[in-house]
Amino acid sequence: VHLVESGGGLVQPGGSLRLSCAATGFAFDDYAIGWFRQAPGKEREGVSCVTVRDGYAGGTNSGDSVKGRFTISSDDVKKTYYLQMNDLSPEDTAVYYCAAHYTDVCRLQVRSYDYWGQGTQVTVSA
């Protein structure tokens with residue numbers, strides 16, 4: 001499985017960004033895609049995830065710190081997964097990672113995921 005993130009950058013507080021994760025190489029059609037982030041000096045944190053069954057995105061889960069602001073979505077044909085981030089604050093500054101693992105339900109636990117992208121930097125600053 002190969003994951004490539006894109007879409008990071010510098011944004012002002014209150015602004016929005018959309019991250020993309022292009023996924024290839026799945027041997028099975030049931031898996032989870034998760035978005036995680038890691039700020040300097042902090043542990044990697046689960047942001048949002050989506051369960052994919054038979055190749056189609058279904059149920060999602062989000063961390064408390066981003067509920068109502070971040071939304072995970074997908075293009076099932078392209079196997080591209082998006083993280084729409086709204087109302088960003090400096091506390092959202094981090095490297096954002098896309099991850100995947102074979103499962104029947106997505107979880108926001110770092111240790112559950114076997115495949116990781118290289119990450120994309122998101123900086124929220126005036």
Side-chain angles (χ1 to χ4, degrees):
V1 177
H2 188 55
L3 305 168
V4 179
E5 304 98 332
S6 61
L10 173 66
V11 63
Q12 292 187 342
S16 298
L17 275 178
R18 189 179 79 159
L19 306 181
S20 299
C21 172
T24 59
F26 288 106
F28 307 103
D29 289 334
D30 295 350
Y31 52 87
I33 296 290
W35 282 99
F36 295 81
R37 66 185 181 185
Q38 188 165 20
K42 294 187 177 181
E43 293 186 353
R44 195 165 294 190
E45 171 191 19
V47 175
S48 293
C49 66
V50 60
T51 300
V52 179
R53 293 187 178 175
D54 296 325
Y56 295 95
T60 63
N61 190 16
S62 293
D64 290 339
S65 63
V66 304
K67 281 181 179 176
R69 299 189 300 125
F70 292 11
T71 304
I72 190 169
S73 63
S74 69
D75 181 325
D76 294 327
V77 174
K78 294 182 178 179
K79 282 189 167 51
T80 300
Y81 303 90
Y82 305 99
L83 184 68
Q84 177 66 42
M85 305 185 295
N86 298 329
D87 192 23
L88 286 160
S89 72
E91 289 70 33
D92 296 314
T93 295
V95 177
Y96 283 71
Y97 298 91
C98 175
H101 73 119
Y102 294 111
T103 185
D104 59 353
V105 61
C106 80
R107 295 176 181 86
L108 291 174
Q109 297 170 332
V110 173
R111 64 179 181 270
S112 296
Y113 289 77
D114 300 309
Y115 308 99
W116 292 83
Q118 82 287 353
T120 185
Q121 177 70 47
V122 171
T123 302
V124 185
S125 175

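Below, all heavy atoms of this structure are taken into account, side chains as well, without hydrogens, waters or symmetry copies.
The only option from Glu43, Arg44, Glu45 that meets the side chain to side chain donor-acceptor pair (under 3.5 Å) definition with Gln38 turns out to be Arg44.
A side-chain donor-acceptor contact under 3.5 Å links His101 to the backbone of Ser112.
The hydrophobic clustering, which links ILVMFWY residues whose side-chain heavy atoms are closer than 4.5 Å, places Val50 and Val77 apart.
Closest non-hydrogen pair, Ala100 versus Leu3, comes out as N-CD1, 3.7 Å. Residues Met85 and Val122 come closest through the heavy atom pair CE-CG2, 3.9 Å. Looking at every heavy atom in both residues, Asp76 comes nearest to Gly55 through CB-O, 3.6 Å.
At a threshold of 4.5 Å between non-hydrogen side-chain atoms, the residues Tyr96 and Gln121 do not count as touching. Between Asp104 and Asp30 the shortest side-chain heavy-atom distance does not fall below 4.5 Å. Using a 4.5 Å cut-off on side-chain heavy atoms (C-beta onward), Tyr115 and Tyr31 make no contact.
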Margin query: Using the rule given for side chain to side chain contact (heavy atoms under 4.5 Å, CB included), can you reason through Thr51 versus Thr103, listing the C-alpha separation, both sets of side-chain angles and the distance that settles it, and then say yes or no?
Written below: CA-CA 8 Å; Thr51 300; Thr103 185; 5.8 Å; no

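Taking OG from Ser62 and CG from Leu108, the interatomic distance works out to 7.0 Å, rounded to the nearest 0.5 Å. The CD1 atom of Ile72 sits 7.5 Å away from atom CD1 of Ile33, with the distance rounded to the nearest 0.5 Å.
Pairs engaging residues 46-67 under the salt bridge (Lys or Arg N to Asp or Glu O under 4.0 Å) rule: Asp64-Lys67 [sequence neighbours left out]. For residues 87-98, every residue pair satisfying the salt bridge (Lys or Arg N to Asp or Glu O under 4.0 Å) rule, not counting sequence neighbours, is listed here: Arg37-Asp92, Arg69-Asp92. Within the structure, ring-ring contact (aromatic ring centres under 6.0 Å, His included) pairs that include any residue of residues 61-85 do not occur (at least two apart or interchain). Every pair passing disulfide bond (SG atoms under 2.5 Å apart) that includes a residue from residues 38-71 is listed here, sequence neighbours excluded: Cys49-Cys106.
Taking Ile, Leu, Val, Met, Phe, Trp and Tyr as hydrophobic and joining them when side-chain heavy atoms fall under 4.5 Å apart, one finds Val95 in a cluster with Phe36, Tyr97, Val110, Tyr113, Trp116.
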Donor-acceptor pairs are to be reported for all side-chain atoms of residues 6-25 against protein atoms at under 3.5 Å, with residues two or more places apart or in another chain.
unit_1 : atom_1 : unit_2 : atom_2 : d
Ser16  : OG     : Asn86  : OD1    : 2.9

